[in-house]
Amino acid sequence: MPVPFIDLKRFEDGFLDNWNDKVANLSEKASFIGGDDVEELEEALAIWTNNKFAVTCANGTDAIQIALRALDVGKDDIVLVPNMTFWATFEAIVNVGATPVTVDSSLNDAGIDFDSFIVAIDKVKPKAAVIAHLYGWGSARLDKIREYCINNNVLLVEDGAQCFGALYKEKSIYSNALISTTSFYPAKVLGGAGDGGAVFTSDSNLAKRARQLTNHGRTSHYGYGLVGWNSRLDSLQAAYLNIAIKHLPARIKSRQEAISYYRKHLIETDIQQMIPPSDYKENGYCNVGLVKDLKLKSVIETKLKTSEIGFGNIYPGAMSDQECSKQFMHSHVGGNEAQKICDTVINLPVFPYITDEELSIVVDTVKIACEEL
Ligand SMILES: *Cc1c(COP(=O)(O)O)cnc(C)c1O
């Protein structure tokens, strides 16, 4: 039986009826921009993330750009970025006119390597840093990173596209961030019916600037205080997310169970299962295994392909190794642990309501591949 890497069609009972009613209702009223649904969503997001303000926007990449621009990071500013993350984290820095410095990642938690981070701050004196909380958790030393940035006047943006619903020290991972972001891309933990994103902060000035940037820098309908752009989240998208967020606890629980299943059943294989640092409760975004023996990795991948089981490699290449990144980069600080993750990582299927049968098929297939070598 084939098992997809991600299946977004496993809606809860009644979900599609609610959504279709909402589409009919908003369509009849031709209510497509702004309105009650956007407000309702922003209130729910602020509560979920334990921030005073949530500003929705068009996508998670824009959210990072909005956060950087809200902090007045732009032309000629140096900004640190982890060497292993999604390309959008790097891209956002370049798009606001700033210059990225890549910093090595940690093999333990996949976040930015703290020792290299300190060296980088000392060496290049960045105005800001964008860190990314990958795989459904964050860095073991997140508090230390935040504190170090405050003490050294480095403006910290936290790209939380993958960690919605994750807890750090029993609170939302986004609490206590200066400014953080998320993505509502359909495959994320809180996924929409298209693109969407949000910026979270408890600083009213940053929230005000972020809001302004998402809407052409408007001060009134035809008055402009900033050059922003159009990055509004539309009403239909907000309406979908308002329905989805009610099911989020159940979806997260199902993801966590799938991940626990893999950890439990793959413990005796040569796929080393990555686990979140001790202060976290992960949101179950994805399964992460590292296969140091590259021949074995290729055997496992071939076996999964021929068995029609989806898998991922998040991510197959570091930022500093991309074809065009060098021309935008100032420098790289630290070693090459990021590349080690990229070379060895394999992600098995995880999505809400994946069945026990599907999980056992994946595990059995992986085990057979391990024995084949
Ligand atoms: C998905 C993702 C983004 C980008 O979000 P979009 O909504 O697709 O623009 C940024 N950073 C990370 C780490 C992501 O996983």
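Both counts, for ligands and for their atoms, begin at 1 and track the order of listing. All values below come from the heavy atoms of this structure, side chains included, with hydrogens, waters and symmetry mates left out.
Using a 4.0 Å cut-off to heavy atoms of Gly60, the atoms of ligand 1 that qualify are 5 (O), 6 (P), 7 (O), 9 (O). The Ala88 neighbourhood of ligand 1 comprises atoms 4 (C), 10 (C), with distances under 4.0 Å to a heavy atom of that residue. Numbered from 1 in the order shown, with element, the atoms of ligand 1 that lie under 4.0 Å from a heavy atom of Gln162 read 13 (C), 15 (O).
The nearest protein atom to atom 1 (C) of ligand 1, hydrogens excluded, is given as Lys188 NZ, 1.4 Å; this is a heavy-atom distance. Ranking protein heavy atoms by distance to atom 4 (C) of ligand 1, first place goes to Thr61 OG1, 3.6 Å.
Note on Arg232 versus Glu42: no salt bridge recorded, every NZ/NE/NH1/NH2 to OD/OE distance being 4.0 Å or above. No salt bridge links Lys305 with Glu301; every basic N to acidic carboxylate O contact stays at or beyond 4.0 Å. Using a 4.0 Å cut-off between charged nitrogen and carboxylate oxygen, Arg146 and Glu158 count as a salt-bridge pair. Taking a cutoff of 4.0 Å between a charged side-chain nitrogen and a carboxylate oxygen, Glu257 and Lys253 qualify as a salt bridge.
Contacts between Ala132 and ligand 1, counted as non-hydrogen atom pairs separated by less than 4.0 Å, are absent for every part of the residue. Here Phe90 has no heavy atoms under 4.0 Å from ligand 1, in either its backbone or its side chain.
Here the rule is side-chain contact (heavy atoms from CB on, under 4.5 Å) with Val291, and of Asp343, Val345, Leu296, Thr269 only Leu296 fits it.
Considering backbone and side-chain N/O atoms, Ser183 comes within less than 3.5 Å of an N/O atom of ligand 1. The N/O atoms of Asp159, backbone and side chain alike, include one that comes under 3.5 Å of an N/O atom in ligand 1. Of the N or O atoms in Tyr285, none lie within a sub-3.5 Å distance of an N or O in ligand 1.
Shown here are the side chain to side chain contact (heavy atoms under 4.5 Å, CB included) partners of Asp203, two or more places apart in sequence or in another chain: Thr201, Asn205, Leu206.
The closest approach between Tyr315 and ligand 1 falls below 4.0 Å for a heavy atom of the residue.
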Stepwise side chain to side chain contact (heavy atoms under 4.5 Å, CB included) test for Tyr261 and Val363: CA-CA 9 Å; Tyr261 186 98; Val363 163; 3.6 Å; yes

Go through it in stages, so that I can follow the logic: the residues are Arg263 and Glu282, the test is salt bridge (charged side-chain N to carboxylate O under 4.0 Å, His left out), and I'd like the CA-CA distance, side-chain angles, deciding distance and then a yes or no.
CA-CA 13 Å; Arg263 281 198 194 124; Glu282 70 197 307; 2.8 Å; yes

